[in-house]
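Computed over heavy atoms, backbone and side chain alike; hydrogens, waters and symmetry mates excluded. Index from 1, following the sequence. Everything numeric here is computed off the predicted structure, so don't read it as measured data. Counting starts at 1 for both ligands and their atoms, following the listed order.
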Amino acid sequence: MIRIAIQAKGRLNEQSLELLHDAGVAVDDNRRKFLTRSASFPLEVLYLRDDDIPQAVSMGVADLGIVGFNEVAEKGFDVSVVQQLGFGACRISLAIPRAETYTGPGYFAGKRIATSYPRILRDFFAREGVVADIHEIAGSVEIAPAVGMADAIFDIVSSGGTLVSNGLVEVEQVLQSEAVLIATPGLSAEKQALLEQLMFRFEAALESRGMKYLLMNLPQESVERAIEILPAMRSPTVMPLAQTGWCSMHSVVREEELWNKIEALKAIGAEGILVLALEKIIK
Ligand code: PRT
Ligand code: ZN
């Protein structure tokens, strides 16, 4: 049995449950319980606030956790980051009022900066040799300059929309973050084996996201050019058709490239193109 802590509610909750689901770990999402047991894998899910996940994992209250790398870096607890999970992408940046002129990190010397991430900011300023006044505040950091509580902010940015609507501009991206799988250092052999099994399944589930399976009929003479258009995992599957001079080709394509690839394939004679959803890629 292994226990994983995930965010109880918030931005990472749904995608954490979806990843577990895609990895064949059925979890009943009953928010009133704080601990649930999977029916299909020897795993328990502990629902916590994201801020508490690094500590819970470092103490071994949970063996594993899914949390933003920003929280791991800020809290500084002893946990191992074992896998990047490809969702919850954001960055933690310094932002200043739009009317100001930015001159580099020295701009912040002697300024008041509001943030919920004092540790990461302190490390950044130490590296840059800047002495500034860091004000730790819990919520709504982005309004601090407008209400006169700070000269600048250090906060999570994703689309940048929040900064724009508060008259701020991003001037330094200090930390890139995404959701990560963390583990208690020194898991028992039994738990380590379960962790490896989970990581293998997560990887297969993540690999297949945004991918499509493509089948088509192709004149034999176009195979070389089609292979250039479709660099597949090892190489595309090519099978002869009953009609001489023609073959059937299968491959895997990123969804965002799909239409460009289809147009290129049609131009070299591809016909009867089928696009299928891809369930899993097992390497
Ligand atoms: O209740 P709990 O403590 O568990 O949740 P929380 O409110 O502390 O965290 P939550 O759910 O807001 O975020 C969880 C994690 O999602 C964060 O720790 C990040 O790793 C990740 N993440 C990804 C984000 C964002 N994108 C994000 N855009 N977390 C917060 N934001 C906020 C940001 O603080 C700012 O107010 O969204 C605003 C900026 O967004 P843009 O798109 O306008 O730039
Ligand atoms: Zn939080």
Report task. Could you give me the CA-CA distance, side-chain angles and deciding distance for R11 and D50, then say whether salt bridge (charged side-chain N to carboxylate O under 4.0 Å, His left out) is met? Result -> CA-CA 10 Å; R11 284 167 205 267; D50 68 343; over 6 Å; no
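- Of the protein's non-hydrogen atoms, N70 ND2, 2.9 Å is the one closest to atom 18 (O) of ligand 1.
- For atom 34 (O) of ligand 1, the nearest protein heavy atom (residue, atom name, distance) is I156 CB, 3.8 Å.
- For the pair Q83 (side chain) and M199 (backbone), a donor-acceptor distance under 3.5 Å is present.
- Atom numbering of ligand 1 starts at 1 in the shown order; those under 4.0 Å from a heavy atom of G160 are 41 (P), 42 (O), 44 (O).
- Of all protein heavy atoms, the one lying nearest to atom 14 (C) of ligand 1 is D50 OD2, 3.5 Å.
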Using residues 171-180 as the side-chain source, report each donor-acceptor pair under 3.5 Å to any protein atom, sequence neighbours left out, with the distance given to one decimal.
unit_1	atom_1	unit_2	atom_2	d
E172	OE2	Y102	OH	2.6
Q173	OE1	Q176	NE2	2.9
Q173	NE2	E170	OE2	3.4
S177	OG	F69	N	3.2
S177	OG	N70	N	3.0
S177	OG	N70	OD1	3.0
E178	OE2	L85	N	3.4
E178	OE2	G86	N	2.7

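- Those atoms of ligand 1 with a heavy atom of V157 less than 4.0 angstrom away are 44 (O).
- Within a 6.0 Å radius of CZ in R98, other residues, nucleotides and ligands contribute 12 heavy atoms or fewer.
- Atoms of ligand 1 lying under 4.0 Å from any heavy atom of D51, numbered from 1 in the order shown and given with element: 3 (O), 8 (O).
- Heavy atoms from both the backbone and the side chain of S158 come within less than 4.0 Å of ligand 1.
- Around the Zn ion (ligand 2), the protein atoms of type N, O or S that sit closer than 2.8 Å are D50 OD1, D51 OD1.
- Among E178, R49, E170, the residue whose heavy atom lies closest to atom 1 (O) of ligand 1 is R49.
- At the shortest separation from atom 10 (P) of ligand 1 among protein heavy atoms lies Q7 NE2, 3.8 Å.
- The salt bridge (charged side-chain N to carboxylate O under 4.0 Å, His left out) contacts involving residues 71-85 comprise E71-K75, where partners must be two or more places apart or lie in separate chains.
- Within ligand 1, counting atoms from 1 as listed, the ones closer than 4.0 Å to a heavy atom of G68 are 20 (O).
- Using cut-offs of 30° and 60° for the angle between ring planes, the Y117 and F154 rings count as perpendicular.
- Within the structure, the salt bridge (charged side-chain N to carboxylate O under 4.0 Å, His left out) test picks out the following pairs touching residues 132-159 (sequence neighbours left out): R112-D151.
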Query raised in the report: Given L206 and Q84, is the side chain to side chain contact (heavy atoms under 4.5 Å, CB included) satisfied, shown in steps?
Result: CA-CA 10 Å; L206 294 169; Q84 302 206 311; over 6 Å; no
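- Of the protein's non-hydrogen atoms, the one nearest atom 37 (O) of ligand 1 is R11 NH2, 3.0 Å.
- Open room surrounds CE on M59; 12 or fewer heavy atoms of other groups in view lie less than 6.0 Å from it.
- Looking only at heavy atoms of the protein, atom 26 (N) of ligand 1 is closest to C90 CB, 3.6 Å.
- Note on ligand 1: K9 sits in its first shell, one or more heavy atoms being nearer than 4.0 Å.
- At least one protein heavy atom sits closer than 4.0 Å to atom 29 (N) of ligand 1.
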Query - side chain to side chain contact (heavy atoms under 4.5 Å, CB included) evaluation trace for F108 with V131 - result: CA-CA 8 Å; F108 293 103; V131 180; over 6 Å; no
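- S159 OG, 3.3 Å is the protein heavy atom nearest to atom 41 (P) of ligand 1.
- In summary, the atoms of ligand 1 found under 4.0 Å from a heavy atom of G10, numbered by their order in the structure, are 11 (O).
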Query - Step-by-step side chain to side chain contact (heavy atoms under 4.5 Å, CB included) determination, I4 to L181 - result: CA-CA 9 Å; I4 189 166; L181 180 64; 3.9 Å; yes
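- Using a distance-only test at 3.5 Å, with no hydrogens or angles considered, no donor-acceptor pair links the side chain of D52 to the main chain of L48.
- Within a 6.0 Å radius of CD in E279, no more than 12 heavy atoms belonging to other residues, nucleotides or ligands are found.
- Within a 6.0 Å radius of NZ in K266, other residues, nucleotides and ligands contribute 12 heavy atoms or fewer.
- Less than 4.0 angstrom separates some heavy atom of L12 from each of these atoms of ligand 1: 15 (C), 16 (O).
- Atoms of ligand 1 lying under 4.0 Å from at least one heavy atom of T162, given by number and element, are 38 (C), 39 (C), 40 (O), 41 (P), 43 (O).
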Query raised in the report: Passes side chain to side chain contact (heavy atoms under 4.5 Å, CB included), L64 versus L187? Steps please.
Result: CA-CA 10 Å; L64 310 176; L187 289 177; 4.2 Å; yes
